[in-house]
*Asks:* 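Quick one: the structure is below, and I'll ask about it shortly.
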There are 2 protein chains.
Amino acid sequence: MDKFEQRLDQAARAAWLSYVGGRTQDEIASQLGVSRPGVQRLLALARQEGLVKVRIDHPIATCMMLSQQIGERFGLDFCDVVPVDTGTADSSYQYLAVAGAERLERYIERSAPLTLSLGSGRTVRAMVEALSRLDRPQHRFVSLVGNVARDGSSNRYDGIMVLADKTGGERFLLPAPVVAGSVEEKEAMLGQRLFHAVTDVALKAEAAFIGVGRIDRQAPLFQDHFINEGELDELLAMQAVGELLGWPMTQDGDVIDCSITRRVTSLPLELLRDQQLVALAGGREKAPAILAALRGGWLKGLVTDETAARFILDAES
Amino acid sequence: MDKFEQRLDQAARAAWLSYVGGRTQDEIASQLGVSRPGVQRLLALARQEGLVKVRIDHPIATCMMLSQQIGERFGLDFCDVVPVDTGTADSSYQYLAVAGAERLERYIERSAPLTLSLGSGRTVRAMVEALSRLDRPQHRFVSLVGNVARDGSSNRYDGIMVLADKTGGERFLLPAPVVAGSVEEKEAMLGQRLFHAVTDVALKAEAAFIGVGRIDRQAPLFQDHFINEGELDELLAMQAVGELLGWPMTQDGDVIDCSITRRVTSLPLELLRDQQLVALAGGREKAPAILAALRGGWLKGLVTDETAARFILDAES
DNA sequence: TCACTTGTCGATCAAATGATCGGACAATAC
DNA sequence: GTATTGTCCGATCATTTGATCGACAAGTGA
């Protein structure tokens, strides 16, 4: 589809003129030889395709303070706090995505070969979407969480896919569901050579960017049918408040050993202790889960928002 | 001025909501508790203070082709070509600034201590303005060109100043005019201990970001009264087409030895051969000067625009 | 060959944005 | 205490932007 490439080209040109040059759409129209609505469409395309990257480059005092306090208390290498948007909480994870992408870029930019691993979830996905294109074929990207749904369908647009596409790096996908159907199924999977090959790469990763899951009626594990209602109730009864990579934990960050845990196929958290584990999550609902992950000492880095940051510091003081 | 800081804070917040969150100014207004025109002013402030950084993240095919050809022909490590804006050529150097800042960021981002040197000129200045704030107190920044005007006044807002302010790094300013009043004055300067201290640092720089000067009636050397009309005529008579750091050169890139050269106080280009010399310049008028610099083999990197790139390739084929 | 689908383009209008202007409030001088 | 000056704020209007809709052209199948 060469036609599409050409269109993207012109979209990029329009974006330069509009966002960097500050020209009006009329001026751009006459310069590119299209109508004004044409420019409109080009700019919309440019944004949609993620050609336009905006970053706000100022440490907001409140956020800085929160990030410093959290970083100190939990011994993090870094903690980014993005401002909260009390309007629609829905698109709030866009902010996390942009801030997370900035951190991710720091790793990828390095020219020395690098192995990075990725968790699953909307926020992680949005982060790689927000990432700049950067040619780094020497890097390797590996998923920590199975990208196969329970019905056997593989998610073509996994975060790893997007990341590898954007950098030209190698991709390693975990051929498994997050939670296996049974203990036997999990055992069978762990025995597979391919499965082992991927987890071996994951263990060599330098850093891991993961999401944080809440454990309640809206838990992603439950919503995506990885666990059923009975299992969810079991987790809640055992005081689970959140999960990392599918591993449920109490509010103190201890991983809960139960019937579900024995079917989780993702890498045991213990094995990731040496890695830079970076979590991306925010919002009032996820705050208890984030706090649990911090208390457990699992994380080395955190990207969150004001709401969650405030909750965490309030709960700790 | 704590008041101003607070205002910037809110401006940053407004910018997040507007540019990353995509909210309308009305929504932002009600969220921040100010009137709509208030938000308007905040956003204007944010842009003016350079809080908002936009980057277009797509290789425009034409530009890519040009950059590749130039890079190959002149053995550059890299060559960036930004799209041209046939509208107002005046603000066109904004594009160069953004592209240059991206390159500069690559260096500064490194955490290992680094010494970088900077030339003078509007484009270089605009580049550091466009740079993101990044805390790197371990770096050193040094000017390759005197920042003292002929009347003795020092330019408070030298590029080095802005760069050091943004990173927290050390600054080394060359206490001299670009061109000394006389040969004796130059000799006296070279003898100064302070002058030597600065140039010693400059020689250790890893990379240098410099502008390219044209030599004609609009030559910056002439416009800023570093040389008078007679001297300009002398240079033109000797076939000078451009200059790097004040060193005039022919269209083949040979530095011209003349009465003016003997008064130039900046570092001899020969001494910078080992460094990553990166030039930032574009436009039809500067094109011959850029070509000369390339032919002389002085540059390792170039950030230019389509117009100049086309001129260069046409002249060489 | 004709009708129908599909996709693209431009006219038009509503919404959002940027800019100007006048007024209010505070600080300072008289 | 009053006047003056400067600054900040919000109402208003012109411009710019985003979205919808209808028209037209190209391609497709009958």
Side-chain angles (χ1 to χ4, degrees), chain A residues 1-56 58 61 83 85-88 90-92 94-95 129-130, chain B residues 1-58 61 83 85-88 90-92 94-95 129:
Chain A
M1 205 30 60
D2 197 53
K3 190 79 166 290
F4 185 68
E5 275 300 320
Q6 231 168 356
R7 212 174 142 70
L8 266 189
D9 240 57
Q10 209 170 28
R13 217 169 261 271
W16 268 93
L17 292 168
S18 171
Y19 294 105
V20 183
R23 314 236 150 278
T24 78
Q25 296 188 352
D26 266 321
E27 292 175 300
I28 299 169
S30 65
Q31 203 168 130
L32 295 185
V34 293
S35 70
R36 222 267 298 155
V39 175
Q40 169 84 348
R41 276 186 273 267
L42 284 174
L43 289 176
L45 179 70
R47 266 171 307 195
Q48 185 200 317
E49 292 293 316
L51 267 53
V52 185
K53 297 280 149 58
V54 184
R55 68 171 57 174
I56 309 301
H58 182 79
D85 184 351
T86 54
T88 38
D90 181 52
S91 77
S92 164
Q94 259 298 326
Y95 301 73
E129 300 270 356
Chain B
M1 205 26 72
D2 196 55
K3 191 80 165 289
F4 185 67
E5 275 300 320
Q6 231 167 356
R7 212 176 141 68
L8 265 190
D9 240 58
Q10 210 170 26
R13 219 169 259 270
W16 268 92
L17 292 168
S18 172
Y19 294 105
V20 183
R23 314 236 149 279
T24 76
Q25 296 188 353
D26 267 320
E27 290 175 302
I28 300 169
S30 65
Q31 200 166 132
L32 295 185
V34 294
S35 70
R36 222 263 301 157
V39 175
Q40 170 85 342
R41 275 186 274 269
L42 285 174
L43 290 177
L45 179 70
R47 267 172 306 197
Q48 186 198 317
E49 292 292 316
L51 266 52
V52 185
K53 297 281 148 59
V54 184
R55 70 170 56 171
I56 309 300
D57 186 26
H58 182 79
D85 185 351
T86 54
T88 38
D90 181 51
S91 76
S92 164
Q94 260 297 326
Y95 300 72
E129 299 272 356

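Naming: A, B, ... by sequence-line order, numbering from 1 per chain. Heavy atoms only: backbone and side chains are in, while hydrogens, waters and symmetry mates are out.
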*Asks:* In whole Å, I'd like the distance from the CG atom of Leu42(B) to the C1' atom of dT17(C).
*Replies:* 15 Å
*Asks:* Considering non-hydrogen atoms only, spot the tightest contact between Leu43(A) and Gln25(A) and give its length.
*Replies:* CD1-NE2, 3.5 Å
*Asks:* Would you please test Val52(A) and Asp57(B) for side chain to side chain contact (heavy atoms under 4.5 Å, CB included) and show each step?
*Replies:* CA-CA 6 Å; Val52(A) 185; Asp57(B) 186 26; over 6 Å; no
*Asks:* Take Leu32(A) and Leu42(A) through the side chain to side chain contact (heavy atoms under 4.5 Å, CB included) test and state the conclusion after the steps.
*Replies:* CA-CA 11 Å; Leu32(A) 295 185; Leu42(A) 284 174; 4.3 Å; yes
*Asks:* Just so I know, are the side chains of Lys53(A) and Val54(B) near enough to count as touching, which here means a heavy-atom distance under 4.5 Å?
*Replies:* no
*Asks:* Is there a donor-acceptor pair closer than 3.5 Å between any side-chain N or O of Glu27(B) and the backbone N or O of Thr24(B)?
*Replies:*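 Here the side-chain-to-backbone pair exists.
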*Asks:* Nearest-Å distance, CG (Leu32(B)) to C1' (dC9(D))?
*Replies:* 16 Å
*Asks:* Would you mind reading off the distance between Glu27(A) atom CD and dT16(D) atom C1', rounded to a whole angstrom?
*Replies:* 11 Å
*Asks:* Would a 4.5 Å heavy-atom cut-off, applied to side chains only, mark His58(A) and Arg13(B) as touching?
*Replies:*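 Side-chain contact under 4.5 Å: no.
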*Asks:* Atom CD1 of Ile28(A) and atom P of dT16(D): how far apart are they, to the nearest Å?
*Replies:* 12 Å
*Asks:* List every contact pair, protein side and nucleotides 18-21 of chain D side both N or O, where the distance is under 3.5 Å.
*Replies:*
unit_1  : atom_1 : unit_2   : atom_2 : d
dG18(D) : OP2    : Gln25(A) : NE2    : 2.6
dG18(D) : OP2    : Gln40(A) : OE1    : 3.1
dG18(D) : N9     : Gln40(A) : NE2    : 3.3
dG18(D) : N7     : Arg36(A) : NH1    : 3.2
dG18(D) : O6     : Arg36(A) : NH2    : 2.8

*Asks:* Rounding to a whole Å, what distance do you find between Arg23(A):CZ and dT15(D):C1'?
*Replies:* 17 Å
*Asks:* Round to the nearest Å and state the distance from Gln10(A) atom CD to dT8(C) atom P.
*Replies:*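 To the nearest whole Å, that distance equals 14 Å.
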